[in-house]
Protein chains: 2
Amino acid sequence: MGIEWETRGYDMPARLKDIAQDLNLSVVTISKVLRDHPDISQQTRERVLKRMKELNYRPNLAARALVTGRSYIAGLVVPDLVHPFFGQVAKGLSNGLRKKGYSLVLSSSEDDPELERQEIEQLLARRVDVLIVASTQSSVETFHRLQEQKIPYVLIDRKFDGLAANFVGVDDAAVGELATAHLIDAGCRRIAHIGGPNVSTALGRVAGFRRALHARGIAVPPEYIEMREHGDDAGDASGYTAMQRLLTLNPPPDGVFCYNDPTAMGAMKAVLEAGLRVPEDVAIAGCGNVAYADFLRVPLTSVDQQSGAIGERTARMALALLEGGAPSRPKTVLLEPKLVVRASTLRPRLKPRK
Amino acid sequence: MGIEWETRGYDMPARLKDIAQDLNLSVVTISKVLRDHPDISQQTRERVLKRMKELNYRPNLAARALVTGRSYIAGLVVPDLVHPFFGQVAKGLSNGLRKKGYSLVLSSSEDDPELERQEIEQLLARRVDVLIVASTQSSVETFHRLQEQKIPYVLIDRKFDGLAANFVGVDDAAVGELATAHLIDAGCRRIAHIGGPNVSTALGRVAGFRRALHARGIAVPPEYIEMREHGDDAGDASGYTAMQRLLTLNPPPDGVFCYNDPTAMGAMKAVLEAGLRVPEDVAIAGCGNVAYADFLRVPLTSVDQQSGAIGERTARMALALLEGGAPSRPKTVLLEPKLVVRASTLRPRLKPRK
DNA sequence: GCAGTCAACGGTACAGTTTCCGTTTTTCCT
DNA sequence: AGGAAAAACGGAAACTGTACCGTTGACTGC
């Protein structure tokens with residue numbers, strides 16, 4: 001029994017000190033056992049480990065963080081937890097980091113740049129070892145500050161022109177090009193785009209969209225491009241109204257590439273409600289390849305964003321920043337998007353004959 | 001400039017000590033300013049706050065946690081981050097806790113009880129102030145240990161018989177009853193159930209299912225109940241095969257209540273692929289009311305689990321445990337599920353005539 | 001002029017762990 | 001046996017912030 005057991009409640013967590021007193025050793029020795037320091041004899045090591053089990057000892061990570069300067073915490077800031085894309089990223093990330101003993105602190109910025117800044121501040125106060133941000137900022141200032149303070153950080157999904165930062169994401173121009181080229185192959189000639197907010201992903205995709213059309217010599221009437229300022233959560237509603245507007249045009253589009261899958265779902269609803277058919281009258285392609293794309297009213301052709309891979313690669317990159325000695329120059333990992341073709345773009349001319 | 005500025009890198013975070021030295025005050029005074037202690041004169045307060053801004057001071061929360069014994073961290077353990085239900089819960093929770101300055105550390109147990117225990121240990125090592133768990137444990141031992149150590153915790157979604165614990169979730173028996181009664185009202189008479197793994201939610205729902213049928217005097221052949229040992233992620237695949245098996249029965253069911261929406265989506269796919277119609281031949285009801293339920297092949301009738309409300313109420317309960325003085329006895333918050341009727345159960349007899 | 005009060009500030013002792021450098025003990029060699 | 005080297009262990013400071021209590025000086029009232 002430890003000397004202090006009378007005054008310390010039986011329910012308080014054991015400390016190095018308690019074990020030391022119980023075994024007539026110093027805290028230093030116990031600490032060394034904990035960290036597998038070679039100084040310790042086999043016999044002592046076993047005695048200590050035994051007592052640790054008995055007392056259910058767990059090192060106080062806050063105390064350890066204070067002295068080592070490393071918290072073993074990674075901070076993740078995303079615009080919206082409910083969006084399946086970020087859910088997947090968080091999952092992959094969490095799995096990758098767990099193996100090395102890192103925990104993940106999660107913050108949702110609700111697509112609000114000011115809130116995002118606050119959350120980042122909060123994470124910095126916690127002295128997270130690395131920050132992972134899918135940013136909704138329009139300015140790059142926050143990240144310059146991070147650089148000044150030498151806080152390692154990784155941008156995911158959305159990046160900034162002119163900011164040399166670590167980045168993991170898909171090649172968004174390729175996303176737009178892939179989907180649009182596919183629509184053209186499917187026989188569409190009046191192809192519209194429903195875009196997202198003013199972030200790199202949306203801009204990259206619309207650029208790819210333009211490039212694909214231009215390459216095939218197809219004109220893009222400006223009214224065929226609808227850029228929407230919705231957050232990631234209201235995509236379906238915004239896709240719905242955008243599509244309604246596109247259908248009033250003369251002639252209406254016969255193919256639509258949507259910024260993301262929720263938007264595409266909204267667009268699909270608008271098309272069907274107008275009495276038109278998907279894909280015969282209007283083919284629709286989305287982006288994100290959400291898990292349930294196959295179960296939709298018309299199974300949705302979508303560009304896979306590799307969300308799981310993004311999480312996993314981000315974990316790798318973050319760990320490299322932390323464990324790797326030399327502060328390497330910023331790296332970019334651009335994953336190749338993959339087109340997953342489903343019924344929403346399978347127009348007669350392409351449909352496999354039975 | 002602080003005296004130590006030569007030896008401390010310009011990029012290291014400022015400490016109370018730095019500010020104190022700069023202003024010829026003691027750390028104690030600075031600390032008091034930080035915490036709005038009444039001792040401080042207006043003039044000093046302003047001087048200090050000014051210097052804090054200049055140095056971009058952020059209190060070291062690890063150090064504070066060490067001395068106060070409170071980390072201002074809540075730990076959340078869920079079986080699967082990708083499941084939209086837990087995404088919503090996490091979002092609601094995060095929002096509720098943020099207001100009081102708490103951060104959320106997220107762990108995914110991947111539906112593995114052993115991993116869940118490890119994650120809980122890890123969170124305890126971090127000295128989280130409160131633990132929120134959607135548990136996949138089959139035994140109750142882990143939570144007894146938490147009680148011994150007087151760690152406040154809240155169970156969500158899944159609870160345990162015979163464990164007096166704080167709980168927030170829906171009334172699962174009511175969920176089953178609601179959906180099943182609705183199927184009966186829709187004219188179904190051969191009603192089957194595709195259930196989930198061996199946790200309280202699945203058991204409660206199947207119990208409600210039985211109760212509803214019993215109340216109306218409808219028999220339940222044992223082969224009409226398929227309990228599946230899938231995790232929350234593989235629901236669609238498992239629903240698919242389960243439904244395929246149900247369709248081989250003679251007579252096949254004309255209504256199915258599924259444990260959750262992914263399962264229902266899988267079941268729907270199986271029905272449609274078999275050349276049958278939903279809801280005319282087989283009506284389908286799910287649970288969870290996922291955001292895209294409205295966009296499915298056949299829009300899915302589903303019981304809403306109030307995921308947002310669960311997150312929000314959990315935040316409230318957790319904060320009450322932390323801020324509230326007296327350690328109150330465990331409370332249970334049972335939210336009322338709501339049925340959301342869509343086309344998948346709108347059988348002719350119930351369809352509104354035009 | 002002096003006790004009493006109050007506002008404003010500081011000294012010191014922690015919290016639980018690691019790190020740096022000593023000290024003691026054991027082992028080995030000649 | 002004597003000495004050196006290796007093995008095993010410990011003291012004290014450090015990390016940053018907070019809590020408790022003490023100190024200082026100015027002002028009040030009589």
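To find a chain, count down the sequence lines: A is the first, B the second, and so on, and within it residues start at 1.
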Review point. How is L25(B) classified with respect to the nucleic acid when contacts are heavy atoms under 4.0 Å: base, sugar-phosphate, or nothing?
Key: sugar-phosphate

Point to revise | Given DNA chain C, 5'-ward residue of the pair P38(B) and R127(B), judged by closest heavy atom | key: P38(B)

Point to revise | Crowding at CD, E114(A) (>12 non-hydrogen neighbours, <6.0 Å) | key: yes

**Study point:** Interatomic spacing from CG in N56(A) to CZ in R145(B) - rounded to 0.5 Å
**Key:** 5.0 Å

Review point. Contact class for N60(A) vs. all strands (heavy atom < 4.0 Å): base, sugar-phosphate, or nothing?
Key: sugar-phosphate

Point to revise | Shortest side-chain distance from L16(A), nucleotide among dC9(C), dT17(C), dC9(D) | key: dT17(C)

Point to revise | Nucleotide of dT19(C), dA19(D), dG17(D) approaching A63(B) most closely (side-chain heavy atoms) | key: dG17(D)

Exercise for review: Look at the side chain of R35(B) and decide which nucleotide, out of dT18(D), dA8(C), dA8(D), has an atom nearest to it.
Suggested key: dT18(D)

**Study point:** Point-to-point distance, once rounded to the nearest 0.5 Å, from CG of L61(A) to CD1 of I73(B)
**Key:** 9.5 Å

Exercise for review: On DNA chain D, check which nucleotide each of R64(B) and D39(B) is closest to and give me the residue with the more 5' one.
Suggested key: R64(B)

Practice item. Could you work out which one of dT16(D), dG16(C), dG11(C) sits closest to the side chain of R15(A)? Key: dG16(C)

Check your understanding: What's the closest nucleotide to the L66(A) side chain, out of dC9(D), dG17(D), dT16(D)?
Key -> dT16(D)

**Study point:** First of Q42(B) and R58(A) reached from the 5' end of DNA chain C, by closest nucleotide
**Key:** Q42(B)

Practice item. Confirm from the modelled atom types if K32(B) and dG17(D) form a donor-acceptor pair under 3.5 Å, side chain to base only. Key: no

Revision key, fill the gap. From the candidates dG10(C), dG10(D), dA15(C), the one with an atom nearest any side-chain atom of V67(B) is dA15(C)

